[in-house]
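Take a look at the structure set out below.
The structure presented is a predicted model; accordingly, all values stated were derived computationally and were not measured. Counting starts at 1 for both ligands and their atoms, in listed order. Side-chain atoms are counted along with the backbone in the values below, which use heavy atoms only and exclude waters and symmetry mates.
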Amino acid sequence: KAGYSKKSGAHRQAFVAGRMWSHFPCWILQPGAIFGAHMRGSSQPIGIFDSGIGGLTVVRQVQQLMPAENIVYLGDTARVPYGTKGTETVNRFACEDAAFLHTQNVKAIVVACNSASASALPALNERFSQPTFGVIVPGAIAAVEATRNGRIGVIGTQATLRSRAYDRAILELGENIEVHGQACPLLVPLVEEGWVDHDVTAAVLREYLEPLLSRNIDTLVLGCTHYPLLKAAIAQVTGPDIALVDSAESCAQYIQRELDRLGLLASEGRGGMVLNVTDELERVTDLAERFLGQRPENVAQVELTSL
Ligand code: DGL
């Protein structure tokens with residue numbers, strides 16, 4: 001018997017509010033930042049960053065759910081992947097990415113990258129006054145809502161799994177829930193190669209998912225920007241009885257709730273997106289179409305300032 005329990009709605013609210021509170025220390029500690037906060041308005045763009053173009057899966061969901069939002073996207077294609085790098089390096093890169101978005105006058109910063117969300121949020125909250133959202137907490141909330149037997153699997157990069165950030169967020173929301181993780185480093189290159197419907201990828205997925213299936217999980221968190229493109233291939237291996245939590249989808253729903261709560265949700269007109277990358281503009285523009293569902297129109301190559 002699993003004997004697990006989900007914590008009450010009130011606990012969940014408190015947990016999320018706690019997280020939100022930790023998003024605002026600069027507003028409280030720096031008088032200048034308070035001024036900045038008052039200047040913030042719903043018509044400003046949302047800043048979204050990722051190690052590369054995978055975070056466009058989050059953009060796609062945000063555009064579907066909040067078509068009026070303008071988005072400034074940054075993909076750090078010069079330094080991708082983050083998922084194989086150490087925590088300090090990922091945190092430094094994340095701060096440099098957010099610093100670029102900060103110069104674009106964004107009203108909120110979204111860390112679309114699971115590997116960066118897993119460790120960099122405290123550092124980002126310390127440096128930037130904008131509300132900052134990651135993908136981990138929204139994914140954890142969706143997973144705890146979905147599970148019936150209290151056994152949740154999480155897949156992601158080595159950096160995400162090493163951090164145990166999903167485990168912590170899930171265990172905050174439910175008691176005695178078992179979280180079983182599996183790092184899947186081969187999946188990002190396979191998706192970028194376009195091998196989403198390929199025998200090799202199916203074999204790799206079977207190998208990675210077997211240990212989780214043998215733990216009798218009933219919910220699997222797709223904890224990486226690239227995995228929404230593998231949803232059908234993953235479902236082939238897991239079968240219909242395992243709920244797949246798409247962290248891009250749950251992140252967009254979470255952002256909508258939070259922007260609304262903060263009075264920052266854009267409601268009028270149709271928003272656009274500027275795609276900024278740090279390297280390989282042409283190749284990346286071609287690849288971006290697969291993640292975004294359409295060819296990006298406004299693209300630019302930018303240089304980041306080292307911190
Ligand atoms: N964006 C990363 C993530 O979601 C995957 C690619 C990388 O390793 O940088 O974890």
Side-chain angles (χ1 to χ4, degrees), residues 47-62 73-98 101 109-121 124 132-140 142-143 154-167 169 181-196 201 204 208 220-231 234 244-252 254-255 275-280 283-284 287-288 290-292 304:
I48 302 182
F49 79 83
D50 177 45
S51 53
I53 33 90
L56 292 173
T57 53
V58 174
V59 170
R60 188 175 187 165
Q61 297 292 337
V62 169
Y73 183 87
L74 173 69
D76 189 8
T77 48
R79 302 188 290 194
V80 69
Y82 287 5
T84 53
K85 300 202 167 70
T87 310
E88 293 304 312
T89 304
V90 171
N91 291 355
R92 178 164 51 85
F93 289 173
C95 285
E96 291 171 359
D97 298 338
L101 293 177
I109 295 172
V110 177
V111 188
C113 181
N114 281 257
S115 306
S117 292
S119 63
L121 284 178
L124 295 174
T132 303
F133 310 110
V135 281
I136 307 274
V137 168
V154 177
I155 54 173
T157 64
Q158 286 139 315
T160 301
L161 271 291
R162 181 186 58 217
S163 75
R164 304 191 81 89
Y166 272 110
D167 308 44
Q182 176 68 52
C184 306
L186 294 175
L187 296 184
V188 165
L190 286 169
V191 171
E192 298 207 351
E193 196 59 32
W195 289 14
V196 294
T201 308
V204 168
Y208 280 144
L220 179 65
V221 179
L222 311 187
C224 176
T225 46
H226 289 55
Y227 300 174
L229 277 77
L230 290 173
K231 229 186 208 170
I234 292 171
L244 302 182
V245 172
D246 176 339
S247 62
E249 207 176 288
S250 36
C251 177
Y254 183 85
I255 295 165
L275 171 68
N276 300 284
V277 294
T278 51
D279 198 8
E280 291 201 287
R283 189 183 76 83
V284 163
L287 198 57
R290 273 199 264 138
F291 290 84
L292 193 60
L304 303 182

**Asked** Is the distance between the ring centroids of Phe93 and Tyr82 under 6.0 Å?
**Response** yes
Short N or O contacts of ligand 1 with protein, under 3.5 Å, listed by atom name?
unit_1   : atom_1 : unit_2 : atom_2 : d
ligand 1 : 1 (N)  : Asp50  : OD1    : 2.8
ligand 1 : 1 (N)  : Ser51  : OG     : 3.2
ligand 1 : 1 (N)  : Thr225 : OG1    : 2.9
ligand 1 : 4 (O)  : Asn114 : N      : 3.0
ligand 1 : 4 (O)  : Thr225 : N      : 3.0
ligand 1 : 4 (O)  : Thr225 : OG1    : 3.3
ligand 1 : 8 (O)  : Gly83  : N      : 2.8
ligand 1 : 9 (O)  : Ser51  : OG     : 2.6
ligand 1 : 9 (O)  : Tyr82  : N      : 2.7
ligand 1 : 10 (O) : Ser115 : N      : 3.1
ligand 1 : 10 (O) : Ser115 : OG     : 2.6

**Prompt:** What residues, two or more places apart in sequence or in another chain, satisfy salt bridge (charged side-chain N to carboxylate O under 4.0 Å, His left out) together with Arg164?
**Reply:** Asp167
**Complete:** With sequence neighbours left out, the residues meeting salt bridge (charged side-chain N to carboxylate O under 4.0 Å, His left out) with Glu192 are none
**Message:** Suppose we screen for side-chain hydrogen bond (donor to acceptor under 3.5 Å, both in side chains). Which residues come up paired with Arg283, at least two apart in sequence or across chains?
**Reply:** Glu280
**Prompt:** Can you tell me how far CG of Asp246 sits from CG of Leu220, rounded to the nearest 0.5 angstrom?
**Reply:** 11.0 Å
**Request:** List the steps, then state whether salt bridge (charged side-chain N to carboxylate O under 4.0 Å, His left out) holds for Arg60 with Glu249.
**Result:** CA-CA 9 Å; Arg60 188 175 187 165; Glu249 207 176 288; over 6 Å; no
